[in-house]
There are 2 protein chains.
Amino acid sequence: MLRTHNCGQLTTANIGETITLNGWVQTRRDLGGVLFIDLRDRTGIVQVVFNPAYSGDALQVADRVRSEYVLAVKGEVVLRDDETINKNLPTGEIEVRITEIEVLNAAKTPPFFIEDGIEVDESVRLKYRYLDLRRPEMQKTLMLRSKAAKVFRDFLDGEGFIDVETPILTKSSPEGARDYLVPSRVHAGEFFALPQSPQIFKQLLMVSGLERYYQIARCFRDEDLRSDRQPEFTQVDIETSFLTQDNLLDMMEQLMVKLFKETVNVDIPTPFQRITHADAMDKYGSDKPDLRFGLELVNVSDIVAASGVKVFASVIEKGGEVKCLNAKGCGTWTRKEIDSLEPYAARYGAKGLAWIQVKEGELKGPIVKFFNEQELEQIKTAVGAEDGDLLLFSADTKKVVADVLGALRLKIGRDLGLIDDKAFKFVWVVDFPLLGYDEDAKRYVAEHHPFTRPREEDVHLFDTDPGQIRAQAYDIVLNGYEVGGGSMRIYKRDVQEKMFAALGLPEEESRDKFGYLMDAFEYGTPPHGGIAFGFDRLVMLLAGRTNLRETIAFPKTANATDLLMDAPSQVDVSQLQQLHIKLAKKPGDDKKQENN
Amino acid sequence: MLRTHNCGQLTTANIGETITLNGWVQTRRDLGGVLFIDLRDRTGIVQVVFNPAYSGDALQVADRVRSEYVLAVKGEVVLRDDETINKNLPTGEIEVRITEIEVLNAAKTPPFFIEDGIEVDESVRLKYRYLDLRRPEMQKTLMLRSKAAKVFRDFLDGEGFIDVETPILTKSSPEGARDYLVPSRVHAGEFFALPQSPQIFKQLLMVSGLERYYQIARCFRDEDLRSDRQPEFTQVDIETSFLTQDNLLDMMEQLMVKLFKETVNVDIPTPFQRITHADAMDKYGSDKPDLRFGLELVNVSDIVAASGVKVFASVIEKGGEVKCLNAKGCGTWTRKEIDSLEPYAARYGAKGLAWIQVKEGELKGPIVKFFNEQELEQIKTAVGAEDGDLLLFSADTKKVVADVLGALRLKIGRDLGLIDDKAFKFVWVVDFPLLGYDEDAKRYVAEHHPFTRPREEDVHLFDTDPGQIRAQAYDIVLNGYEVGGGSMRIYKRDVQEKMFAALGLPEEESRDKFGYLMDAFEYGTPPHGGIAFGFDRLVMLLAGRTNLRETIAFPKTANATDLLMDAPSQVDVSQLQQLHIKLAKKPGDDKKQENN
């Protein structure tokens, strides 16, 4: 009894047809000797009916089935009576009068209902993931993910990108996050590492003259997890030769347009806004600004430097700054409401939060008295203050001001309902700094990685002010989430040497760390660069989810555990012996020590 | 100077156009002050010319370039003089008169020529893989591989299969090959394992009601390597619900037709031949028969049992058999040539090799005298012996006879040139035995895996003769290579219990080993089954290669080493400490012991 049709796709057009369905029992109702079963497959649900008038023996068989039984049924599609039409169900106008049934399999009662919107502890859902994934919203997300991968592939294939698989068993990298290691059986005492990204391989493929490469690649980082991190994650990894940054960004915009059109039928306008890293930090206090709403930050340092607010003056004197966020329309908040922002701001490092209300053309609040009339006017003009506004001030180092006002901007944007949940607002953040100064190590470190190309016109700054060099590096930000990022790479030896020198890496050490890549670069490396999209996160945003685990078929918990498979787990000592390793402590040793 | 055209795609249609090319210097020739450079990109090669008459300063710049320099050049496409037209080059009718040049990068002299068919030690090619991959034949193979993946995906997508990524960090499996293990930092003393295949996950996805799943999946086996094995390999993993074996096999044939048409433009006829495992072993001595040629084996046990050849009689008495391979046209071989087969046969377990020549209607050879006239006639008829044939006999256990004559059949087929190298001959081998008897363990073991479904009509044999049960398991064989295989899976609890009982697994032990899967199976498991294609091997055959490493961008050696990255490698002790493991011996301890 193989299906002829799918449950969710039956319509009035099928009326009169004798069809066969395969699926799962969603619900079963007995109304006066007539059995109604909602039968579910991955396309949806349809009502099938067992009636003594036409079902014969099938009725007795159906009487024994319960939720989640697997059935094959055969019968005729008929129009429902007017009063039983279900407008909430796509197939609600018809039902199927069953004449034959086969119970393909029985089912125990599942630990939770197979339906959307259930309130079940996530650990239970993860343990019974095979049932959780039976729920329509999970199936839809997996199908969306599959579709999204297809769109990426089709687009990149059309642009001449070649899908190349790079190794999972590779070498431990000297920088970056912690590696997952894999002991070697053949080479005692040696280890493979799982790749944090295919970065080196994709650059080597450019050295190979492949010109355009992509891969939907699994990557691994053994970091402490958060809700938006997984020990293994997926990125769409892209690299090209002979293109400029602008060429690549334009192409990637077209890719995003296609992705959103073909998966969620949303038209994304191009070109995407491009904002420098400096501007993003200045206006939004973030290198991944959510541009679905305004509320830009305004630097008022010059205006307030000479005011009587001592903390403002002293911060500016020390090289810090004072910025203002105009919380439009919050001027009517009570003192209590305003004060409630303080602990929130404190989480981001604020030592206090100054504010001014605009009421009936007047500025009001504890700090107003420290300003003269002219200063107050200048502030009003600078931040566009109008009646009913609330001006929030942060005075601190640039970093703290950005963190505090960036976070407040998001909170107020959300609280005021300024954010359109249906909107998808892309922005490129460009011109990231090439180097950051590590105060502990007293040296520059690569902001992106040591092969990131500086902007041509900034190369001379290696000799004078390396911290000011802008990189040909870019992030693509969607609704405040970084969904991708990349850079043009250094391909000229003299620039690479300047870069290593700026990083304080003696040639010997750079050879040790990046030897094979530097070797490769000497044999005719084309100009190249690329980008990687965080696939899990993009799917999350496409699906309107807020948790990465919802987008992954078999995710791990925040504790890096697979609750379904019970992994990781202990293994036989003989396995470890073959791998030439032993446990540092016997399992349970920790507990013993705790007991002592 | 971004390219406007690709080198290999220029034709006489471009004559008169001013174009820009980006690429690598293949060769550079100076003919009386005129410089000819063959410029290469991934599409091919074109000749660009620097002439004092039109190149200006570009000539001086070009004079300094060497092989593998990366150039951007601009100039006009012109028709070559008749006498300089190169018929061997697709672009050989035209050349480009260069007016501008930019040296994008210099190059050291590479360790081997960047051209096809080089005779360079493979270890050198692997160490400089980024140069090896610059060679056109390697680029073509990678492009073919990318294309093949695309065809698989397009076909499966069209049939409603959903691409789902399953975990790489998973649980060590109790059966099968050796696992690669990954120590957990968070869970001291515990380990993840890299998957040998997504088998369990794909079955769980069927329990999830996803109905059709596929994945081009990386798999890992820590086995001793051969030329056709890699520690990590790629399979196209497919699983469906509600289909019969025949439905699935038919669909997969269409997939193969599309794959061969769209990658190498070969029409594969359908339906593919289907041969039972028993027949394959009987006729070809192999469960992966090469059907590009005949030379079927013939069982002559009945005929020779009563003959005077003592070894024949005694082998048959002990339950063995005698089979004959008619090596057509080899009847003229000298005694020496025939004898040379013996050591070859011995490699496959033969203790000797009896033979008969057919000359002028007569059978000749040392063993002929032990047969009577009637037996000789029967042999001739059974094997279709004609003048000029050589009959080779193997008498031993069924297994040895199959191994010996199966191998001889292949050798003679090759030696006689019976094999059409351009042919692609598919065959399904079906009805594999469900169980094999492990003589050491004195129990049955699963031939495929313990979830393989028996043929419906054989289920009753669990009670009487489990060894005779045929499985709903199948391999797809191409030109003698197994390129895929799979099975329908058990989905009914009573059948699963019979299977575990046949394997001698007490319920407790089966729970221990397969608990989560058995749990899952109780919640409404649909009938399901699937297949996995060996993607590396399929690409190898499509590309006409004989070594899997040629089809993988960054392969490992037979010693499980990555010569390019120098992996595996030693890691910091601090890394091991974080992972709660230590080395069983310090590196170098082995050497010390050897010195004692």
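Note that this is a predicted model, so its numbers are computed, not measured. Below, chain A is the first sequence line, B the second, and so on; all start at residue 1.
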Which of the residues B:Q575, B:E68, B:H187 is involved in the greatest number of heavy-atom pairs with chain A at under 4.5 angstrom?
-> B:H187

Ranked by heavy-atom pairs below 4.5 Å to chain A, first place among B:Y180, B:F191, B:F161 goes to B:F191

Given the options B:P568, B:A567, B:P555, which has more heavy-atom pairs under 4.5 Å with chain A than any of the others?
-> B:P568

What part of A:Y214 lies closer than 4.5 angstrom to a heavy atom of chain B: side chain, backbone, both or neither?
-> neither

For B:L2 and A:L243, work out which heavy atoms get closest and say how close.
-> CD2-CA, 4.2 Å

Which portion of A:I168 sits near chain B, non-hydrogen atoms under 4.5 angstrom | both

Under 4.5 Å to a heavy atom of chain A? For B:Q215 that would be side chain

Are any of the side-chain heavy atoms of A:V207 and B:L133 separated by less than 4.5 Å?
-> no

Cut-off 4.5 Å, heavy atoms of chain B, and the answer for A:S241 is neither

Which heavy atom in B:G209 sits nearest to a heavy atom in A:R134, and how many Å separate them?
-> N-CG, 4.3 Å

Can you see which heavy atom on B:L181 is nearest to which on A:P183, and at what distance?
-> O-CD, 3.2 Å

With a 4.5 angstrom heavy-atom cut-off, which part of A:Q577 approaches chain B: side chain, backbone, both or neither?
-> neither

Give, as side chain, backbone, both or neither, the part of A:D572 having an atom under 4.5 angstrom from any heavy atom of chain B.
-> neither

Can we say B:D157 and A:K147 salt-bridge, meaning some charged N sits less than 4.0 Å from an Asp/Glu carboxylate O?
-> no

Separation of A:L517 CG from B:M565 CE (nearest 0.5 Å) = 8.5 Å

Charged N to carboxylate O below 4.0 Å: is that the case for A:D224 and B:R185?
-> yes

Rounded to the nearest 0.5 angstrom, the CG-CZ distance for B:L21 and A:F242 is 10.5 Å

Locate the shortest heavy-atom distance separating A:E232 from B:L169; write the atom from each residue and the value.
-> OE2-N, 2.8 Å

Between the CG atom in B:L583 and the CG atom in A:L579, the distance rounded to the nearest 0.5 Å is 11.5 Å

In plain terms, say whether B:D163 and A:K150 are close enough for a salt bridge, that is, a side-chain N and a carboxylate O under 4.0 Å apart.
-> no

If one checks every heavy atom of A:R178 against chain B at 4.5 Å, the contacting part turns out to be side chain

For A:F554, is it the side chain, the backbone, both, or neither that has a heavy atom closer than 4.5 Å to a heavy atom of chain B?
-> both

Distance from B:Y130 atom OH to A:F521 atom CZ, nearest 0.5 Å?
-> 10.5 Å

Measure distances from A:R153 to the heavy atoms of chain B and classify the residue's part below 4.5 Å as side chain, backbone, both or neither.
-> both

Rounded to the nearest 0.5 Å, what separation is found between the CG atom of B:D222 and the OG atom of A:S184?
-> 7.5 Å

By a 4.5 Å heavy-atom criterion (distance strictly below it), what part of A:A106 contacts chain B: side chain, backbone, both, or neither?
-> backbone

Is chain A contacted by the side chain of B:Y128, its backbone, both, or neither, given a heavy-atom distance below 4.5 Å?
-> side chain

In Å and rounded to the nearest 0.5 Å, what is the CD to OG distance from B:E165 to A:S146?
-> 9.5 Å

Distance-minimising heavy-atom pair for A:L210 and B:R42 = O-NH1, 2.9 Å

Honestly, the part of B:P527 sitting under 4.5 Å from a heavy atom of chain A is side chain

Answer key: most heavy-atom pairs under 4.5 Å with chain A among B:R3, B:R40, B:M143, B:R493 is B:R3

Specify which of A:S569, A:S67, A:A72 makes the most heavy-atom pairs with chain B at under 4.5 Å.
-> A:S569

Given a strict heavy-atom distance threshold of 4.5 Å, which part of A:V186 is in contact with chain B: side chain, backbone, both, or neither?
-> side chain

Heavy-atom proximity to chain B below 4.5 Å, by part of A:D519 | both

Assert top hit (heavy-atom pairs under 4.5 Å, partner chain B, pool A:I216, A:I200, A:D154, A:I552) equals A:D154

Within-4.5 Å side-chain heavy-atom neighbours: B:Y523 and A:P111 | yes

Just wondering, do A:W24 and B:P526 contact through their side chains at under 4.5 Å, heavy atoms?
-> yes

Indicate the atoms forming the closest heavy-atom contact of A:E211 with B:D41, along with that distance.
-> OE2-CB, 3.1 Å

Is B:L204 close to A:R129 at the side-chain level, that is, under 4.5 Å between some pair of heavy atoms?
-> no

Under a 4.5 Å heavy-atom cutoff, which of A:A149, A:A520, A:A193 has the most pairs with chain B?
-> A:A520

Any side-chain heavy-atom pair from B:D562 and A:K171 closer than 4.5 angstrom?
-> no

Under 4.5 Å heavy-atom distance to chain A, tell me which part of B:V182 shows up: side chain, backbone, both or neither.
-> both

Which one, B:V164, B:L142, B:T525, leads in non-hydrogen pairs under 4.5 Å with chain A?
-> B:T525

Which of the residues A:P110, A:G23, A:G524 is involved in the greatest number of heavy-atom pairs with chain B at under 4.5 angstrom?
-> A:G524

Check whether any side-chain heavy atom of B:K582 sits under 4.5 Å from a side-chain heavy atom of A:K582, and report yes or no.
-> yes

Chain B contacts, top residue of A:L71, A:I114, A:L131 (heavy-atom pairs, under 4.5 Å) = A:L131

Answer key: most heavy-atom pairs under 4.5 Å with chain B among A:Q578, A:R135, A:K127 is A:Q578

So, the part of A:F220 with a heavy atom under 4.5 Å from chain B: the answer is side chain

Proximal component of A:L194, with respect to chain B [non-hydrogen, under 4.5 Å] | side chain

Tell me, for A:P167 versus chain B, whether the close heavy atoms (under 4.5 Å) come from the side chain, the backbone, both or neither.
-> both

Let me know if B:M1 has heavy atoms under 4.5 Å from chain A in its side chain, its backbone, both or neither.
-> neither

